[in-house]
S.K.: 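Pasting a structure here, questions to come.
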Amino acid sequence: MPFNASFAPIDPLSTVTDSAATSVDASDDTTASTGSADCADSTGEGACRPGAARTGTPAPLPLPVLGRDVRVPLVTGGEVPYAALDQAASAPALQRVWDDVAAYAPYYGSVHRGAGHLSQMSTELYEQSRRTVAEFLGCRADDEVVFTRATTDSLNLLASVLPAGTRVFVFETEHHASLLPWRAHDVTVLDAPRSPEQAVAALEEALHGAPRGPKLVCVTGASNVTGEVWPVRELARAAHRHGARLVLDAAQLAPHRPVDLAELEADWVALSGHKLYAPFGAGVLAGRADWLRAAGPYLAGGGASRTVTRGADGGVDVAWHTGPARHEAGSPNVIGAYALASACRALREAGFDRLVAREEELLGRLRRGLAEIPQVRELSLFGPEADRVGVLSFVVDGWNSSHFAAALSAEHGIGVRDGLFCAHPLLRTLLGREQDAPGECGAPDAGAGEQALNAIRVSFGAGTPDEHVDRFLAATRALVRDGARWGYRTEDGRCVPDRGPAAD
């Protein structure tokens, strides 16, 4: 059915197209098969290697995503289905989200701005999206949900409203989005812990010695480098024992595990839609309202202002809104908010128990496969038995990581990430003084007096077929055993295929 254009006190998120409404049910028939999905070892070109064992019918995908039928060219000739294994950077849109957005798009109107039918409908849709996200995040009754552009924007918003004299505590292990926004305040950077228990103890010690006054702890829920899950509830309790508050960077946690503010006892949570299968330019800061309401607006402009008058001195006097609108100046991104809410709803309906069980099986397969390759070393803070989401980083003896990632892409149609993953201090701690191996393509430039360091990251999500992980493992084994089949060069700081095969 078309999007419900009759404005009424309905749940706008229920008004989706027939394809959107059936996308979750259809997933029972959407298998992990693309190309050589039923091969334990494949050529990556839709055929099993001679003698390869067949693994039977692939398991169904919990949530279909866009791009699952995309094919990419190989430098060695032919095409293969693209294996998107860089989902910690950006996850593909859920088919459900795309269908919901497409159904709404003809009815788009300005939010909080007009008396017209489509404006009224869009306003209700936007506010219903806020309520859906609040429910997904387990927000308390007096929490506020502010729509932003992404996690980075959310944490910079929070940094802008901190009371004067606030001291911020953050581990060096954080993504730059949660490490850097606090630089205008007094910041204590804690060394990388080697266990969850050590993280809690280090925070307790730092807070115990801190001067009186407002304090904020910022911590990730799951590492964007190692995938390891952090002890958020224990850290929040430690913070509260010392009169501090805690903001959770859930950018990597929320796509993989349920996030409940009340259960985790966190004060705020920040996340990005583009990592939560809703890449339409929206993010969220949700949590306690007092600091948000006490500070001036993050951005000044329409929407944030309630009244604007000329002052007696000839200037302009402004009364700002309270509530989320105070920090949502400008025309709201209703499509981004709706997409994010649609993704939240789809994940809840699919059930995190089911999603986590499949992810753990896929992650186990990935880690076992890499452990069988002696030249591969997985990076870890908390050790091999630590709880993890579907994110893993590693280095390969004898390989420059940029060269290895380029060969995976150009010769096997597999997209991974190489570099320092916007977590430079953490990567330097994990790699120590181990210099990235020389190769045809150089690692990122090192700082003064430092060695060049680099790593490879593979990450996946609810829409990742089993075959993509199997093909990645087969390609990794082949590259380590046989080397690259093509020549590569550095161009604009990136490793790219040269014009011909590798020299014998």
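The analysis underlying the following values was restricted to heavy atoms, covering all of them including side chains, and did not include hydrogens, waters or symmetry mates. Along the sequence shown, residues are numbered consecutively beginning with 1. Predicted, not measured: the structure shown is a model, and the values here were computed from it.
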S.K.: How would you list, by chain and number, every residue that makes a ring pair (Phe, Tyr, Trp, His ring centres under 6.0 Å) with F382, sequence neighbours excluded?
M.R.: W230
S.K.: Say whether E378 and S393, considering side chains only, have a donor N or O and an acceptor N or O under 3.5 Å apart.
M.R.: no
S.K.: Tell me whether R348 is salt-bridged to E135, with the criterion being a basic N under 4.0 Å from an acidic carboxylate O.
M.R.: yes
S.K.: Under the rule for side chain to side chain contact (heavy atoms under 4.5 Å, CB included), what residues qualify as partners of A150, not counting sequence neighbours?
M.R.: S272
S.K.: Could you tell me whether a side-chain N or O of D143 sits under 3.5 Å from a main-chain N or O of C139, the two making a donor and an acceptor?
M.R.: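 Between the backbone of C139 and the side chain of D143 there is no qualifying donor-acceptor contact (under 3.5 Å).
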S.K.: At their closest point, which heavy atom of A475 faces which heavy atom of I414, and how far apart are they?
M.R.: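 Taking A475 first and I414 second, the nearest heavy atoms are CB-CD1, 3.8 Å.
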S.K.: Considering only NZ, NE, NH1 and NH2 on the basic side and carboxylate oxygens on the acidic side, decide whether D418 and R494 come within less than 4.0 Å.
M.R.: yes
S.K.: Between the side chain of S178 and the main-chain N/O of H175, is any donor-acceptor distance below 3.5 Å?
M.R.: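 Checked: pair present.
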S.K.: Look at D290 together with R245 and state whether they make a salt bridge at an N to O cut-off of under 4.0 Å.
M.R.: yes
S.K.: List for me each residue that meets salt bridge (Lys or Arg N to Asp or Glu O under 4.0 Å) alongside E491, sequence neighbours excluded, and say none if there are none.
M.R.: R489
S.K.: Taking D466 first and then R365, would you say they form a salt bridge - that is, a charged N and a carboxylate O separated by under 4.0 Å?
M.R.: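 Answer for the salt bridge query: yes.
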S.K.: If you compare all heavy atoms of A159 against all heavy atoms of P181, which two are closest, and at what distance to 0.1 Å?
M.R.: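 Shortest heavy-atom separation between A159 and P181 comes out as CB-O, 3.4 Å.
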S.K.: With the threshold set at 4.0 Å, does a side-chain nitrogen-carboxylate oxygen contact exist between R388 and E360?
M.R.: no
S.K.: With a 4.0 Å cut-off, would you call R288 and D142 a salt bridge?
M.R.: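 Salt bridge: no.
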S.K.: Who passes side chain to side chain contact (heavy atoms under 4.5 Å, CB included) against Q375, sequence neighbours left out?
M.R.: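 Result, side chain to side chain contact (heavy atoms under 4.5 Å, CB included) vs Q375: I373, V396, D397, V480.
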S.K.: Between D267 (side chain only) and L248 (backbone N and O only), is there a donor and an acceptor less than 3.5 Å apart?
M.R.: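 Answer holds: no.
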S.K.: With no hydrogens and no angle check, just 3.5 Å: does a side-chain donor-acceptor pair link T166 and H185?
M.R.: no
S.K.: Is the number of heavy atoms from other residues, nucleotides or ligands under 6.0 Å of D353 CG greater than 12?
M.R.: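 No - once you tally the heavy atoms of other residues, nucleotides and ligands closer than 6.0 Å, there are 12 at most.
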S.K.: Is the closest side-chain donor-acceptor distance between T226 and S380 under 3.5 Å?
M.R.: no
S.K.: By the salt bridge (charged side-chain N to carboxylate O under 4.0 Å, His left out) test, which pairs, at least two apart or in different chains, include something from residues 399-410?
M.R.: none
S.K.: Answer yes or no: is there an ion pair linking E349 with R96, defined by an N-O contact shorter than 4.0 Å?
M.R.: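 Answer for the salt bridge query: yes.
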S.K.: Go through F147 and Y126 one step at a time and tell me if the ring-ring contact (aromatic ring centres under 6.0 Å, His included) criterion holds.
M.R.: CA-CA 10 Å; F147 285 118; Y126 185 71; 5.2 Å; yes
S.K.: Is a side-chain N or O of R345 found less than 3.5 angstrom from the main chain of V133, in a donor-acceptor match?
M.R.: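 The answer is no, because no donor-acceptor pair under 3.5 Å joins these two groups.
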S.K.: Using the test ring pair (Phe, Tyr, Trp, His ring centres under 6.0 Å), find all partners of H240 that sit at least two apart in sequence or belong to another chain.
M.R.: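 So H240 forms no ring pair (Phe, Tyr, Trp, His ring centres under 6.0 Å) with any residue.
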S.K.: So, D153 and Y298: side-chain donor and acceptor under 3.5 Å apart, yes or no?
M.R.: yes
S.K.: According to salt bridge (Lys or Arg N to Asp or Glu O under 4.0 Å), who are the partners of E328, at least two apart in sequence or on a separate chain?
M.R.: R130
S.K.: Just to verify, what does E359 make a salt bridge (Lys or Arg N to Asp or Glu O under 4.0 Å) with, not counting sequence neighbours?
M.R.: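 With sequence neighbours excluded, E359 shows a salt bridge (Lys or Arg N to Asp or Glu O under 4.0 Å) to no residue whatsoever.
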S.K.: Who are the ring pair (Phe, Tyr, Trp, His ring centres under 6.0 Å) partners of F404, not counting sequence neighbours?
M.R.: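 For F404 the ring pair (Phe, Tyr, Trp, His ring centres under 6.0 Å) partners, ignoring immediate neighbours, are W399.
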S.K.: Would you check if the side chain of H256 reaches a backbone N or O of V389 as a donor-acceptor pair within less than 3.5 Å?
M.R.: no
S.K.: Heavy-atom count around W182 CH2 within 6.0 Å, excluding the residue itself: above 12?
M.R.: yes
S.K.: Could you work out, with salt bridge (Lys or Arg N to Asp or Glu O under 4.0 Å) as the rule, every residue matching R326, not counting sequence neighbours?
M.R.: none
S.K.: Pairing donors with acceptors under 3.5 angstrom, does anything connect the side chains of S402 and N454?
M.R.: yes
S.K.: Taking side chain to side chain contact (heavy atoms under 4.5 Å, CB included) as the definition, give me every residue that meets it alongside A244, ordered by chain and number, with sequence neighbours left out.
M.R.: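 For A244, the residues satisfying side chain to side chain contact (heavy atoms under 4.5 Å, CB included) (neighbours in sequence not counted) are L207, K215, V217, A239.
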S.K.: Does a donor on one side chain sit under 3.5 Å from an acceptor on the other, for Q252 and T220?
M.R.: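 Judged by distance alone, the side chains do not pair up.
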S.K.: How would you list, by chain and number, every residue that makes a side chain to side chain contact (heavy atoms under 4.5 Å, CB included) with A238, sequence neighbours excluded?
M.R.: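 Side chain to side chain contact (heavy atoms under 4.5 Å, CB included) check on A238 returns V200, L203, E204, R241.
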